[in-house]
Amino acid sequence: MSQKHATTFISSLCSRGAVCHARALFDEMPERDVVAWTAMLSGYASNGLRREALDVFRRMVAAGAAPNEYTLSSVLTACRGPCAPAMAMPLHAVAVRRGVDRMPYVVNALIDSYASLAEGVVDARRLFDALGSGRTAASWTSMIAGYARWGQERTGLRLFKTMLKDGVELSTFACSIALHACTLVIDLCLGQQLHLQCIKKALDVNLAVVNSLIDMYCTCARILDARSLFDGTPERNLITWNTMIAGYSQCDPLMALQLLLEMNDEPNCFTLTSITSACADLAALRCGKQVHGAVLRRSYSDDLQMGNALVDMYSKCGSITNAKNVFDRMGCKDKFSWTSMIAGYGMNGYGNEAVQLFSSMIHAGVHPDHVVFLSLISSCSHAGLVDEGWNFFRSMINEYNLQPNKEVYGSVVNLLARAGRLREALDLIDTMPFAPDEYVWGALLGASKMHNNVEMGRLAARKITEINPDDVKNYIMLASIYAAGSKWGEYAFTRRSLRGIGSRKEAGISWIEVMDKMYSFTAADSSSPQVCLADEVLHILSQHMDDVGSEFCHIIFKAT
DNA sequence: CTAGGGTTAG
């Protein structure tokens with residue numbers, strides 16, 4: 001068999017996944033030219049065997065075969081990912097030495113390689129600019145993707161527009177990258193324009209494009225548009241399902257579970273993370289436990305994001321012991337893991353534990369940010385640890401050089417006011433570097449009611465009215481403060497202005513799901529005869545809650 | 001006879 005024939009055979013075997021047979025044949029060859037080496041190398045690479053591909057490259061160099069432009073672009077793409085930053089420079093040097101560093105395929109691969117590191121984007125751009133008219137569609141998309149990857153989405157999108165102006169035909173690749181950039185900066189307008197272009201050029205039959213469109217609409221809060229694309233596409237893969245489920249987990253967690261039921265593919269780690277966060281929003285503990293079981297069976301528990309979602313889910317379901325168990329078992333933790341656990345302690349009333357965990361976090365060398373301090377201060381607020389909370393606020397500014405944002409100020413106002421230190425809360429509002437919003441005043445108003453402080457309540461309510469005159473609960477709250485302080489004249493006046501607004505306080509609705517039926521209740525819903533039985537029903541329900549909750553999940557995971 | 005770019009979760 002000639003060398004040419006053997007090489008053809010090798011690539012053919014590799015393209016059908018028979019890499020081992022290809023390798024056996026390769027090893028039998030009495031001599032191997034560049035083409036043969038490259039065929040073997042790219043055969044490994046296209047089958048995801050990057051280590052083997054790199055090994056072939058090393059042996060090839062050692063054997064004295066000179067890599068050409070095919071070899072270099074193959075080896076560059078083979079080491080995409082974690083080892084790309086280390087390989088970009090040396091391989092670039094080889095390309096220069098072989099005189100192929102300006103060949104489009106090589107340059108495109110180099111752009112991608114350099115842009116795999118944030119600091120390399122500038123080098124990538126230099127290569128891109130040097131290409132001049134030698135740019136291909138892939139050069140553009142690699143460069144745009146490089147920007148989008150490192151938080152320069154706007155620059156990427158500008159380059160995308162330049163590309164179109166230069167007359168480069170819109171490809172499915174460019175389209176999905178640009179759509180992804182729109183998603184990252186939440187630019188619905190541009191996303192919709194792109195959608196239109198997709199339809200015009202019939203690119204919306206491409207699954208990757210459809211998936212990016214669905215993601216874009218979900219992120220831009222257009223779940224219905226996302227759903228109609230999802231329903232309309234003739235073909236769906238796991239990414240399609242995961243994107244749609246992730247979208248629902250943000251705005252309609254029950255629908256996320258529903259979609260999981262309809263899915264025929266096996267859920268993967270991404271699916272289960274979204275489902276876990278849906279369970280967190282529903283406070284569906286039994287369901288969340290079933291998901292956790294599915295996670296353990298599939299050995300996804302080592303995944304960082306999965307662990308974080310589980311900690312969050314158990315915290316929001318009030319199961320702090322399980323949250324702590326998951327947290328403690330996590331092999332590696334990031335800022336989000338610590339924040340979720342601290343917030344979990346806080347929302348369940350464990351202020352001291354939250355404070356303790358914060359110091360463990362500092363001990364572990366994790367830098368706190370605004371979100372951590374927000375969780376921490378609100379933990380202190382719930383647990384009545386006023387001085388501790390106040391000290392964290394001070395240390396946030398003085399020790400960690402963090403400028404508290406509006407939310408943090410609001411949380412500190414809440415901390416002081418709930419503890420009855422209304423005067424100090426008001427002073428803080430007066431000195432904070434933001435215009436106080438209705439939520440800050442709302443915290444003061446609520447605390448004024450709690451501590452029967454008519455004067456402070458009147459002030460807070462007046463401020464809220466200036467910001468939002470239609471806020472009904474503001475008037476109701478103020479009226480009850482007057483009532484408690486026996487200020488009946490002002491009470492009557494407030495009730496009258498409430499009638500003047502002509503709106504009613506929206507009823508708070510609670511709901512409960514039993515099997516596949518949804519029951520809703522409103523507070524003091526005496527109009528419904530069923531509610532007369534509410535206490536009895538609730539009593540029975542609480543006895544059977546565990547069994548009922550798990551039913552739904554058994555349906556979901558019956559296949560596992 | 002050998003080479004390229006894209007979409008998913010907190």
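Being a predicted model, the structure only gives us computed values, none of them experimental. Computed over heavy atoms, backbone and side chain alike; hydrogens, waters and symmetry mates excluded. Numbered from 1 within each chain, the chains take letters A, B, ... in sequence-line order.
Contact record, A/R32 with A/F26: NE-O, 3.0 Å, taken as the closest heavy-atom pair.
A donor-acceptor contact closer than 3.5 angstrom is absent between the side chains of A/S212 and A/D215. A donor and an acceptor atom, one from each side chain of A/N108 and A/S139, are located under 3.5 Å apart.
At a threshold of 4.0 angstrom between heavy atoms, the contacts of A/A145 with the nucleic acid are absent. Within 4.0 Å (heavy atoms only), A/D334 reaches at least one base atom of the nucleic acid. When heavy atoms are screened at a 4.0 angstrom cut-off, A/I177 is found touching the sugar-phosphate backbone but no base atom.
Looking at residues 195-224 of chain A, you'll see A/N206, A/A208, A/V209, A/N211, A/S212, A/D215 sit with a heavy atom under 4.0 Å from some atom of DNA chain B. For DNA chain B, the neighbouring residues in residues 53-87 of chain A, judged by any heavy atom under 4.0 Å, are A/N68, A/E69, A/Y70, A/S73, A/S74, A/T77, A/R80.
In this structure, the side chains of A/C218 and A/I223 come closer than 4.5 Å at one or more pairs of heavy atoms.
Surrounding CG of A/L296 are more than 12 heavy atoms belonging to other residues, nucleotides or ligands, all under 6.0 Å away. The number of heavy atoms from other shown groups lying within 6.0 Å of CD (A/E31) does not exceed 12. For A/F9, the CZ atom is loosely surrounded, since the number of other residues' heavy atoms within 6.0 Å does not exceed 12.
A donor-acceptor pair under 3.5 Å links the side-chain atoms of A/T339 to the main chain of A/K335, judged by distance alone.
A nucleotide of DNA chain B counts as in contact with chain A when one of its atoms lies under 4.0 Å from a heavy atom; the first and last such, 5' to 3', are B/dC1 to B/dG10.
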